[in-house]
2 protein chains.
Amino acid sequence: MSNKQTGSGRFRTEESTAVNRREQILEAAVAVFAEHGYYKATTAQIAEKVGISQPYIFKLFKNKEELFVAALERAFERMIRTFRAVAAPVEQLLSETTRSYEQLTETHPSEILLQVQALGIRDEAILQAMQSGMLAVADEIRSKFAAAGIEHPEVEVSTIMANGMLFSIAMALNMPDLKPRQA
Amino acid sequence: MSNKQTGSGRFRTEESTAVNRREQILEAAVAVFAEHGYYKATTAQIAEKVGISQPYIFKLFKNKEELFVAALERAFERMIRTFRAVAAPVEQLLSETTRSYEQLTETHPSEILLQVQALGIRDEAILQAMQSGMLAVADEIRSKFAAAGIEHPEVEVSTIMANGMLFSIAMALNMPDLKPRQA
DNA sequence: CGAAGAAGTGATTAATCAATAACAATTATT
DNA sequence: AATAATTGTTATTGATTAATCACTTCTTCG
């Protein structure tokens, strides 16, 4: 049906299935929303970045809100995968988690900025996505810490989250000096 | 000129000088911006709350952006006054500062929400107001800590800021469980 | 081939709102 | 009282933009 591949054995990345387009749109959406914010970003800008017409976005996403939520969920998924991939002995688990987060802010800054954006958007669906995203991140870290036998996981998670937030905010506000000192 | 007072000796609070109106508008603006966010909040909503016509706002503020910046500065000023007023022995200075901040989130939640809102607004003037506001807050705390002879003021300030941010965000996202554990 | 379905576009519109312009009422000053 | 200054309003508009509609083009396969 929609699982297409050319006979040559190579993927034709330029081929456009709805699934591919969805991904392309999401990637562009992350960048555009991060740069301009939810309300200032236009669907036309996102479409232009992908190289499609503006109305076509609405064939693949019900509306702007749903597009933003999907982009946000994408960011949270990567973040959770990142934390899940952390492997370190107990005594370095905390510092490695922090390091791993800071690396994510370098490899995918737009996804981090998107999350900072979302903190202030008063929209039911977006608020809910933020709540479950934040909860999932905290849970992921907590369960890792607990499994490693760390004493007070909730306290450590809280510290990580607080410093991570300050780091992200420092980045969003372009205030490097605001970044957390030590840990 | 504009320093008016009735002969009775009582202030006529219902009298409306431009200065009074400015204050009323700012107060309404804080509430409306905090509730709906910068872009969804309308100048008509703010005007209605004050009981004036929508265009009159533009007699006292150049535009919406300037109104938001003024509201934001108001929030930062109160926050700095709050920290300045903290008085406690060295060993309790840190916990008292935190307590004092959390109390502010209860007495003036809208001003805190306004600051969270502002984190994500990509607008030059608002970004600048956020930068100098955050800097002023950090400096205020740092100088107090330094004066009290606290060992590594920058580190402690960083911790306070990080936990304060997490607290505010937990509030904005309506996620009480996200609030910092211990300090 | 030719029909069906998938992928995509141009034109348009219905709302929304910040901001201006032009005017009116109120209050102070000489 | 007349004038000036301040405080305020009504009406309007120009710009923006998410979303819909009505089509078209391309691809696949019986």
Side-chain angles (χ1 to χ4, degrees), chain A residues 1-8 11-26 28-29 32-33 35-71 121-123 125-126, chain B residues 1-8 11-26 28-29 32-33 35-71 121-123 125-126:
Chain A
M1 284 260 187
S2 69
N3 196 11
K4 299 163 194 171
Q5 211 171 323
T6 41
S8 67
F11 287 107
R12 285 188 53 209
T13 54
E14 67 277 10
E15 129 178 281
S16 63
T17 62
V19 177
N20 284 351
R21 283 306 197 196
R22 247 190 94 93
E23 280 305 305
Q24 292 173 0
I25 291 170
L26 276 179
V32 175
F33 280 137
E35 185 178 349
H36 303 284
Y38 180 55
Y39 294 105
K40 274 295 183 71
T42 70
T43 55
Q45 288 172 316
I46 295 167
E48 191 185 6
K49 188 158 246 193
V50 179
I52 56 175
S53 66
Q54 177 261 336
Y56 190 48
I57 288 178
F58 294 90
K59 294 279 156 93
L60 302 182
F61 296 89
K62 211 171 111 251
N63 50 39
K64 193 184 180 182
E65 181 192 65
E66 196 182 72
L67 174 57
F68 187 89
V69 168
I121 304 175
R122 310 290 281 183
D123 172 291
I126 294 173
Chain B
M1 288 253 187
S2 70
N3 195 11
K4 299 164 196 171
Q5 211 170 322
T6 39
S8 69
F11 286 107
R12 285 188 54 207
T13 54
E14 68 276 11
E15 128 180 281
S16 64
T17 63
V19 177
N20 285 350
R21 284 304 197 198
R22 249 190 92 94
E23 279 306 305
Q24 293 172 0
I25 291 170
L26 276 178
V32 175
F33 281 135
E35 185 178 349
H36 301 285
Y38 180 56
Y39 294 105
K40 275 296 183 70
T42 70
T43 54
Q45 288 172 316
I46 296 167
E48 192 185 5
K49 188 158 247 195
V50 179
I52 57 175
S53 66
Q54 177 260 335
Y56 190 49
I57 288 177
F58 294 89
K59 295 280 157 94
L60 302 181
F61 295 89
K62 211 171 111 252
N63 50 40
K64 193 183 180 182
E65 181 193 65
E66 195 183 74
L67 174 57
F68 187 88
V69 167
I121 303 175
R122 310 290 281 185
D123 172 292
I126 294 172

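Below, chain A is the first sequence line, B the second, and so on; all start at residue 1.
Among the heavy atoms of the strands, none lies under 4.0 Å from B/Ile57. At a threshold of 4.0 angstrom between heavy atoms, the contacts of A/Thr42 are confined to the sugar-phosphate backbone, with no base atom among them. At the heavy-atom level, B/Ala41 lies under 4.0 Å from the strands shown only through sugar-phosphate atoms.
Without hydrogens or angle criteria, B/Glu48 side chain to B/Ala44 main chain gives no donor-acceptor distance under 3.5 Å. The closest donor-acceptor contact from the side chain of A/Glu23 to the backbone of A/Asn20 lies at 3.5 Å or more, if one exists at all.
In this structure, B/Ile52 atom CD1 and D/dT10 atom P are separated by 12 Å, rounded to whole Å. Computed from coordinates, the B/Gln54 CD to C/dA18 P distance equals 7 Å when rounded to whole Å. With rounding to whole Å, A/Glu66 atom CD is found 13 Å from D/dA19 atom C1'. As rounded to whole Å, 13 Å separates atom P of D/dT9 from atom CD of B/Glu48. Between the P atom of D/dT17 and the CD1 atom of A/Ile46 lies a distance of 12 Å, rounded to the nearest Å. A straight line from CD of A/Gln45 to P of D/dT16 spans 12 Å, rounded to a whole angstrom. If you measure from atom OH of B/Tyr39 to atom C1' of D/dT17, you get 15 Å, rounded to the nearest angstrom. Rounded to a whole Å, the OH atom of B/Tyr56 is 14 Å from the P atom of C/dT26.
Remark: A/Lys64 is positioned above the aromatic ring of A/Tyr38, its terminal NZ or CZ atom under 6.0 angstrom from the ring centre and at most 45 degrees off the axis.
Between B/Thr43 and the phosphate of C/dA18, there is a side-chain N or O to OP1/OP2 separation shorter than 4.0 Å. The phosphate of D/dG8 has OP1 or OP2 within less than 4.0 Å of a side-chain N or O from B/Arg21.
Minimum atom distance to the side chain of B/Lys64 is reached by C/dA18, of the listed C/dA18, D/dT20, D/dT9. Here the side chain of B/Thr17 is nearest to one of C/dA18, D/dA18, D/dT7, namely D/dT7.
Contact check for B/Phe68 versus B/Asp123: no side-chain heavy atoms found under the 4.5 Å cut-off. Between B/Ile52 and B/Ile25, some side-chain heavy-atom pair lies under the 4.5 Å cut-off.
For C/dT9, its base sits under 3.5 Å from the side chain of A/Lys59 at one donor and acceptor pair at least.
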